Amino acid sequence: MSVDRSYSPYEVIRAYHDRGMMKWGAFATGELTEAQNTFEKEKKEDKVIQTLPHHLVLHLLNQSFSNQLQIKVKYQSKNKLNEVYGFVSEFINNQVRVKSTDKIYLISIEQIINIS
């Protein structure tokens, strides 16, 4: 579609060619990127991990130990959320020893937030 600009006495205006939607590309891309970044930030902030009750944590640890099932343990250590995949190998006082493929972790049972 072309616009008739023959009314203008100026050659520049008569010869102007509108790029159409191309001129909005950078604006639209920037707006989309900003919206996605905001969405991801809100998603991370909204992510609240439900803490399991103490008796359920003990039950799941015991089941993993008895049946030698691999588990994923999420625990809080020094204001940081950590995850360990492994097998429960031993209970020591108020701690559990989780053996992963590369390392053995000694985790306090009170620090455990979730088990799956």
Side-chain angles (χ1 to χ4, degrees):
M1 181 170 130
S2 106
V3 177
D4 181 24
R5 294 190 179 89
S6 60
Y7 62 87
S8 178
Y10 302 103
E11 175 65 29
V12 174
I13 292 176
R14 287 192 309 266
Y16 175 74
H17 181 329
D18 187 10
R19 295 185 305 155
M21 291 303 292
M22 285 177 52
K23 63 185 172 193
W24 298 103
F27 173 75
T29 304
E31 190 176 66
L32 178 62
T33 303
E34 183 181 339
Q36 285 176 330
N37 291 340
T38 303
F39 176 74
E40 288 298 321
K41 183 179 176 186
E42 289 174 357
K43 191 168 94 173
K44 287 178 184 175
E45 290 173 356
D46 290 344
K47 197 177 201 180
V48 176
I49 298 174
Q50 189 91 18
T51 308
L52 289 177
H54 187 68
H55 70 280
L56 190 54
V57 169
L58 289 174
H59 176 71
L60 292 171
L61 290 172
N62 190 28
Q63 287 294 316
S64 172
F65 178 72
S66 301
N67 300 320
Q68 282 302 299
L69 298 172
Q70 186 174 16
I71 58 173
K72 177 173 73 171
V73 179
K74 290 184 184 180
Y75 66 98
Q76 183 106 18
S77 176
K78 299 177 185 174
N79 295 329
K80 184 179 176 189
L81 192 61
N82 300 310
E83 287 185 358
V84 175
Y85 294 91
F87 298 92
V88 175
S89 62
E90 189 176 2
F91 291 95
I92 305 168
N93 295 334
N94 205 16
Q95 297 178 327
V96 63
R97 183 173 286 167
V98 179
K99 193 182 290 187
S100 73
T101 55
D102 61 338
K103 193 174 176 183
I104 297 175
Y105 297 88
L106 191 60
I107 304 168
S108 174
I109 295 175
E110 281 82 32
Q111 292 177 326
I112 296 175
I113 296 172
N114 201 343
I115 297 175
S116 54

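Heads up: numbering here begins at 1 and tracks the sequence. From a predicted model like this one, the values you see are computed outputs, not experimental measurements.
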Nearest heavy-atom neighbours spanning Val84 and Tyr75: CG2-CE2, 3.5 Å
Asn62 to Phe91 - nearest heavy-atom pair and separation: N-CZ, 4.0 Å
Arg14 (side chain) donor-acceptor with Pro9 (main chain) under 3.5 angstrom: yes
Pair Phe39-Lys41, side-chain contact (heavy atoms from CB on, under 4.5 Å): steps then yes or no: CA-CA 5 Å; Phe39 176 74; Lys41 183 179 176 186; over 6 Å; no
Over 12 non-hydrogen atoms of neighbours within 6.0 angstrom of CD in Glu34: no
Val73 with Leu58, same ILVMFWY side-chain cluster at under 4.5 Å: yes
Closest non-hydrogen atom pair, Gln70 against Tyr85: NE2-CB, 3.8 Å
Straight-line distance of Gln68 CD to Ser89 OG, nearest 0.5 Å: 8.0 Å
Expected output: side-chain Thr51 to main-chain Ile113 donor-acceptor under 3.5 Å: no
Straight-line distance of Leu69 CG to Leu60 CG, nearest 0.5 Å: 10.5 Å
Over 12 foreign heavy atoms within 6.0 Å of CG, Asn37: yes
ILVMFWY network linking Phe87 to Ile71, side-chain heavy atoms under 4.5 angstrom: no
Interatomic spacing from CD in Gln76 to CG in Asn82 - rounded to 0.5 Å: 8.5 Å
Cluster overlap Ile104 with Phe65, hydrophobic side-chain contacts below 4.5 Å: no
Leu106 and its side chain to side chain contact (heavy atoms under 4.5 Å, CB included) partner, picked from Val96, Ile92, Val98: Ile92
Ile112 and Leu52: CA distance, side-chain angles, deciding distance, side-chain contact (heavy atoms from CB on, under 4.5 Å) verdict: CA-CA 8 Å; Ile112 296 175; Leu52 289 177; over 6 Å; no
Audit row: His54, Ile109, side-chain contact (heavy atoms from CB on, under 4.5 Å) steps and yes/no: CA-CA 8 Å; His54 187 68; Ile109 295 175; 3.5 Å; yes
